[in-house]
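Everything below concerns the one structure shown next.
Lettering of chains follows the sequences in order, A, B, ..., and the numbering in each one begins at 1. We use all heavy atoms of the structure for the numbers below, so side chains are in, but hydrogens, waters and symmetry mates are not.
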Amino acid sequence: MSQISLTFPDGASRDYPAGTTAAEVAASIAPSLARNAISATLDGNHIDLAWPIQSSGRIAINTMKDAAPALELIRHDLAHVMARAVQELWPDVKVTIGPVRDYGWFYDFDRAEPFTPEDLGAIEAKMKQIIAARDPVRTEVWDRDRAIAHYEAAGEPFKVELVNRIPEGQDLRMYWHGDWQDLCRGPHLQSTGQLPADAFRLTHVAGAYWLGDNTRPMLQRIYGVAFRNRDELKAHMTMLEEAAKRDHRKLGREMDLFHMQEEAPGQVFWHPNGWTIYVTLQDYMRRQQRRGGYVEVNTPQVVSRKLWEESGHWENYQENMFIVEVDEEHAREKTVNALKPMNCPCHVQVFNVGLKSYRDLPLRMAEFGSCNRYEPSGALHGIMRVRGFTQDDAHIFCTEDQIEPETKKFIEFLAMIYADLGFDNWKVKLSTRPEKRIGSDESWDRVEAALGNACRAAGYDYEIQDGEGAFYGPKLEFVLTDAIGRDWQCGTLQVDPNLPERLDASYIGEDGQKHRPVMLHRAVLGSFERFIGILIESHAGKLPLWLAPRQVVVASIVSDADDYVHQVVAALTQAGIRAEADTRNEKINYKVREHSLGKVPVIMAVGMKEVEGRTVSIRRLDQQGSRVVPLDEAIAQLADEATPPDLR
RNA sequence: GCCGGUUUAGCUCAGCUGGUAGAGCAGCUGAUUUGUAAUCAGAAGGUCGCGGGUUCGAUUCCUGCAACCGGCACCA
């Protein structure tokens, strides 16, 4: 039998016979390690204690103290235990898959009757019984035919399909938790008794399509969260409660920013406070775009079907467009139009007026473009996914050689803006060629490389979303997260050689001949609606002073100070600060509380002392206490802080 | 669009098995002139999401629709 050499984290090595299991390795080191071991990490791969090790490598034995492997095992084993519990409670339920995800796991079941929220309690109780039984976990390697025969006999059609999707000749691993068995690549714990019965919770049920395909059956998905101990679970639940307080829908109401109503689903009624954020952000973006070499245009909302047919959108997206028809009885002729779902075809129309020279490229054409899309009802989400929105859109008409430098320039532009707006953590995703696509592989190679190079040159890593690009070109997505960690695409840059072709855009090159430009669709914020939603959640409503809709409230303590309050408000307003007076007949405690809850960054309290000294007592949001400052000094400080970052 | 849940006053929520609704806060009126996160009192406020059905009678039961919430699918 051949020998293998295993290197431990401390650098020491030992030789073992090939086929030694990680459990045996642990036992060879110390009895206590053998007792506490839960899995091993071999050359970066998480492996089961029961698997034979066939080749040399770097090994680490994991215990419950190693958070990442421990959590993975706990969540993965709980997925199996939950599936077992479900089948014990309802033997006719078919099992499918159950992966680990952030904070927990889910498992998809096929069942005629959906699970009710009440069922979750019964399942949890059954899971606790299984854990208390301390059943051993064991594993075997099977070949495909045996697995298929087994699942056909067991009446598990989804498992049969899964096995059939695994490449020929590849062995399959089976796991048993007690008598209950599942197909699983592992690794797992050694006994259900190792699971923390008080550190998991089933959170919700939801429908989910089999294999993520909406033409396949809808399964019942149960989500759970799990941690190593009760305190970690409790901390997680507390974190979720805190995150719920940052929800932009809740803050939008509390700060009186906007509302939405049934008569206009997916569209925003902006209130004065919310609209102040919107226009402040728009003014800022307009200044930045001018500096960034963009020209701004504006194009029609209602555009004939003809243009959408030419652009190809009618064919692909008709059911997602708001169709506008004039009343046939009153109109002289019947026309069919659509509210524009995007600005690009209109921008090409602007580009196409007059001859363009290569000297005009790159031509960066921007519009705060209001678009309407009939999004599926289930996709709507507060102001983050809406049917009526305004993009900070621009199209860069350029040559293929200019794609890379323009992309790099754009990423730097976006990074500067995100930094100004308080975002340091954002992800870049590169979506590459999909199965159904146009254009040659060589051209895709060039353009994908250009985007990747530009990213790296700008100093940003990106993750690849294989096959997620548009049919005509790859794209970059710039992703921010909301209060509870959901990803939202905000910025984007998309390469499009297709639309200039379809809409016959051209420029005269150095050679005097007509050439086809490439279009880069790009947005920094994405839409004002989504971005403001993210902005609210990431700041928990406490926006930086320059973006805060109400920057200062001047509150009287006694009504004899009312005149001075109005003088202070006038002076602040004169200095360009958004200030309001609160001279209501209420106690200062009441006013401080109310404006603090309304996330007003600065409260100035004014009583007779301040009147006499021409001072103000300044209280900052979330800070205890206040300080008394001469009025002129206070205004100078605040005026500076209230200046948008690009103007400081 | 699909699966599940929800919808009662401006907001947050009560309302057992059917007998036309209740609280706190906000708003209104009055008193109080107050020093940094809720002053007191009074009056008022609801087609119980919308439509249909069962019933002597429906906020409650059944049904259709809509919006919203959580997922799934979608996101040019």
Side-chain angles (χ1 to χ4, degrees), chain A residues 106 108 111 113-117 119 203-223 247 249-250 253-254 256 259-266 308 311-321 341-345 371 373-382 385-387 389 468 470-473 475 477 484 486 488-489 492 494 496 498-499 521 526-527 530 555-562 583-598 603-610 617-628:
Chain A
F106 64 77
D108 288 347
R111 184 185 187 222
E113 289 288 302
F115 295 103
T116 64
D119 290 338
T203 54
H204 55 290
V205 289
Y209 296 108
W210 169 234
L211 300 175
D213 180 344
N214 65 5
T215 64
R216 306 299 304 272
M218 177 155 275
L219 306 171
Q220 302 301 321
R221 176 171 295 180
I222 302 179
Y223 288 89
D247 190 302
R249 294 163 294 195
K250 182 175 160 70
R253 191 169 50 244
E254 290 171 356
D256 195 16
H259 85 273
M260 305 178 83
Q261 67 185 50
E262 209 173 314
E263 288 76 5
W308 307 115
S311 71
H313 293 106
W314 190 265
E315 192 187 349
N316 291 317
Y317 292 103
Q318 194 192 145
E319 63 281 9
N320 293 310
M321 288 163 72
M342 54 186 348
N343 308 297
C344 20
C371 296
R373 297 179 185 175
Y374 188 72
E375 299 286 9
S377 57
L380 302 179
H381 181 93
R385 183 83 183 268
V386 285
R387 288 183 176 156
F389 54 93
E468 296 291 313
F471 69 91
Y472 48 74
K475 67 171 169 180
E477 294 180 16
I484 62 170
R486 287 179 288 217
W488 292 90
Q489 180 203 307
T492 184
Q494 198 159 339
D496 184 1
N498 178 55
L499 200 62
H521 308 258
S527 78
R530 174 174 296 180
S556 58
I557 295 170
V558 292
S559 53
D560 283 347
D562 286 1
T583 54
R584 292 174 304 169
N585 179 7
E586 296 288 354
K587 293 198 166 174
I588 193 65
N589 288 347
Y590 180 89
K591 295 182 184 181
V592 165
R593 176 182 155 81
E594 188 176 271
H595 300 306
S596 296
L597 291 173
I603 298 170
M604 290 184 182
V606 168
M608 292 320 288
K609 273 189 276 182
E610 286 74 18
S617 161
I618 298 181
R619 181 193 170 98
R620 299 295 301 231
L621 185 57
D622 275 354
Q623 283 178 18
Q624 293 293 319
S626 58
R627 59 197 182 88
V628 177

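Note on A/Asn316: nothing from the nucleic acid sits closer than 4.0 angstrom, heavy atoms only. At a threshold of 4.0 angstrom between heavy atoms, the contacts of A/Asp622 include nucleobase atoms, whether or not backbone atoms are also involved. Across all strands shown, A/His313 has heavy atoms under 4.0 Å from base atoms, whether or not it also approaches the sugar-phosphate. The residue A/Gly312 sits apart from the nucleic acid: no heavy atom pair falls under 4.0 Å. Contact annotation for A/Met604: no contact, since no heavy-atom pair falls under 4.0 Å across all strands. Using a 4.0 Å heavy-atom distance criterion, A/Leu597 is classed as a base contact. Residue A/Gly382 is in sugar-phosphate contact alone, with no base atom involved, counting any heavy-atom pair closer than 4.0 Å across all strands shown. A/Gln220 comes within 4.0 angstrom of sugar-phosphate atoms only, judged by non-hydrogen atoms across all strands, and of no base. If you check every strand for non-hydrogen atoms under 4.0 Å, A/Ala470 touches nothing. Within the 4.0 angstrom heavy-atom criterion, base atoms lie near A/Ala206. Across all strands shown, A/Pro114 has heavy atoms under 4.0 Å from sugar-phosphate atoms exclusively, and none from any base. Counting non-hydrogen atoms under 4.0 angstrom, A/Phe471 reaches nothing in the nucleic acid. Among the atoms of the strands shown, only primed sugar atoms or phosphate atoms (P, OP1, OP2) are found under 4.0 Å from some heavy atom of A/Arg221.
Counting all heavy atoms, side chain and backbone alike, A/Trp308 lies closest to A/Met342 at CH2-O, 3.8 Å.
A/Ser377 has a side-chain polar atom (N or O) that falls below the 4.0 Å cut-off from OP1 or OP2 of B/G1. At B/G70, one or more side-chain N or O atoms of A/Arg249 fall inside 4.0 Å of OP1 or OP2 (strictly under the cut-off). Here A/Arg216 does not reach the OP1 or OP2 of B/C72: none of its side-chain N or O atoms lies under 4.0 Å away. One finds a side-chain N or O of A/Arg486 lying less than 4.0 angstrom from the OP1 or OP2 phosphate oxygen of B/G71. Put simply, A/His381 has a side-chain N or O that comes within less than 4.0 Å of OP1 or OP2 on B/G70. Close to B/A26, at under 4.0 Å from its OP1 or OP2, lies a side-chain N or O of A/Tyr590.
Rounded to an integer number of Å, the gap from CD of A/Glu594 to C1' of B/G10 is 14 Å. Computed from coordinates, the A/Lys591 NZ to B/A37 P distance equals 14 Å when rounded to whole Å. In this structure, the CD atom of A/Glu319 is 14 Å from the C1' atom of B/A73, given to the nearest Å. Computed from coordinates, the A/Asn320 CG to B/C75 C1' distance equals 9 Å when rounded to whole Å. The CD atom of A/Glu263 sits 12 Å away from the P atom of B/C50 (whole-angstrom rounding). Protein atom CG of A/Asn214 is 10 Å distant from nucleotide atom P of B/C75, rounded to whole Å. A/Met260 places its CE atom 20 Å from the P atom of B/G10, with the value rounded to the nearest Å. Counting to the nearest Å, the P atom of B/C69 and the CZ atom of A/Arg253 are 11 Å from each other.
Salt bridge A/Arg111/A/Asp119: present, at least one basic N to carboxylate O contact under 4.0 Å. Using a 4.0 Å cut-off between charged nitrogen and carboxylate oxygen, A/Glu594 and A/Arg584 count as a salt-bridge pair.
Between the side chain of A/Arg530 and the main chain of A/Gln489, a donor-acceptor pair closer than 3.5 Å is present. Put simply, the side chain of A/Arg387 gets close to the backbone of A/Glu375: a donor and an acceptor are under 3.5 Å apart.
The base of B/G1 does not come close enough to the side chain of A/Tyr374 for any donor and acceptor atom to sit less than 3.5 Å apart. Below the 3.5 angstrom threshold, one finds no donor paired with an acceptor across the side chain of A/Arg111 and the base of B/C3.
In this structure, of B/A38, B/C74, B/G4, it is B/C74 that holds the atom nearest to the side chain of A/Arg385. Nearest nucleotide to the side chain of A/Ile557, out of B/A76, B/G35, B/C72: B/G35.
Other residues, nucleotides and ligands place more than 12 heavy atoms under 6.0 Å from the CD atom of A/Glu319.
Ranked by how close their nearest RNA chain B nucleotide is to the 5' end, A/Met218 and A/Tyr223 are led by A/Met218. Along RNA chain B, the nucleotide closest to A/Gly266 and the one closest to A/Glu375 are compared, and the more 5′ of them pairs with A/Gly266.
For the residue pair A/Gln261 / A/His259, a side-chain donor-acceptor distance below 3.5 Å is found, with atom types taken as modelled.
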